[in-house]
Amino acid sequence: MSLLEISEMSTGYNGVAVVRDLNLRVEEGEIVALLGPNGAGKTTTLLTTSGLNPVMKGDIKVLGKSVKGRRSHLIARDGLSHVPEDRSLFFQLTVKENLKLGAARGSVNLSQALGYFPALENLLDRKAGLLSGGEQQMLAMARALTVKPKLLMVDEMSLGLAPIIVERLLPVLRRIASETGAGVLLVEQHVHLALEVADRAYVMSHGSLAMEGDAKHLAANRHLLESSYLGGGELEEA
Ligand code: ATP
């Protein structure tokens, strides 16, 4: 059974599809990059997987169960953690309080979460709003880990972060996937960094799947990606 199985799925807003006929899967222990220019439909796909947007056609199965008609907190309880693009931290609360709020949704596992982000250990009493961008992203990811997810979705992990910080965070995703067996679905603007860490990648363009393949193969044949980005955004240089 795939941890995530999206089949012929369309979704959108107010009855208008912005993602059409998408097929995508994530298996245990693998990192899958979801790439594509701005507006391609990546965030929408994650929101629908989390139960925050309706499936208009086809299906999404998280850990074998359809998300159709299910509330997002129940999907989360099954083992889905979603780190949204805005990170959704409580800035007035401390790092420890933010972590505990995440853990309140399920079994508490602060030590494992902090084990992946030891830099947070010394910041436990600091307000989240006073953390640097990189520390806030670590906190958002650590909070997602407190519920021991089986499927972890991270939206634009690199947003607003210096590339050097992103290069430090990406290997942590690899450790999480190999040590816990969780599958990771990573939406990322830095295509070359995402392909470095991912096993497989899907490229969306204008709401549809433009390409999918082995990440190493795509990284070695970047011309394959370029057509997907033409007219829709920039494919940055490695
Ligand atoms: P980005 O990197 O810019 O976030 P994306 O690939 O994640 O891009 P989405 O945010 O999923 O793309 O947007 C896909 C399409 O859906 C876009 O045309 C966008 O304008 C539209 N869209 C996104 N959010 C809404 C909303 N709340 N209501 C209506 N349309 C929306």
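Model, not experiment: these values are computed from the prediction. One-based numbering, in listed order, for ligands and for the atoms of each.
T44 OG1, 3.7 Å is the protein heavy atom nearest to atom 13 (O) of ligand 1. Nearest protein heavy-atom neighbour of atom 8 (O) of ligand 1: G39 N, 2.8 Å. When hydrogens are left out, the protein atom nearest atom 28 (N) of ligand 1 is Y13 CG, 3.4 Å; that is the closest non-hydrogen contact.
Using a 4.0 angstrom heavy-atom cutoff, G12 does not count as in contact with ligand 1. Under the 4.0 angstrom criterion for non-hydrogen atoms, M204 is not in contact with ligand 1. At least one heavy atom of G41 sits closer than 4.0 Å to an atom of ligand 1.
A single hydrophobic cluster is not seen to contain both L159 and F91; linkage of ILVMFWY side chains at heavy-atom distances under 4.5 Å, directly or through other members, places them apart. Hydrophobic clustering of Ile, Leu, Val, Met, Phe, Trp and Tyr side chains at less than 4.5 Å, counting indirect connections, unites M138 with L124.
Around atom 7 (O) of ligand 1, the closest heavy atom drawn from T43, V16, T45 belongs to T43.
Taking every heavy atom of K42 and a limit of under 4.0 angstrom, the matching atoms of ligand 1 come to 2 (O), 5 (P), 6 (O), 7 (O), 8 (O), 11 (O), 12 (O). Each of the atoms 2 (O) of ligand 1 lies under 4.0 Å from some heavy atom of E156.
Distance check on atom 20 (O) of ligand 1: every protein heavy atom falls at or beyond the 4.0 Å cut-off.
Between R174 and D199 there is a salt bridge, with a side-chain nitrogen of the basic residue lying less than 4.0 Å from a carboxylate oxygen of the acidic one. Residues D155 and K42 are not paired through a salt bridge, judged by the lack of any N-O separation under 4.0 Å between the basic side chain and the carboxylate. With respect to D78 and K150, no salt bridge is recorded, no charged nitrogen being found less than 4.0 Å from a carboxylate O.
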Stepwise side chain to side chain donor-acceptor pair (under 3.5 Å) test for E188 and S158: CA-CA 7 Å; E188 188 48 67; S158 64; 2.3 Å; yes
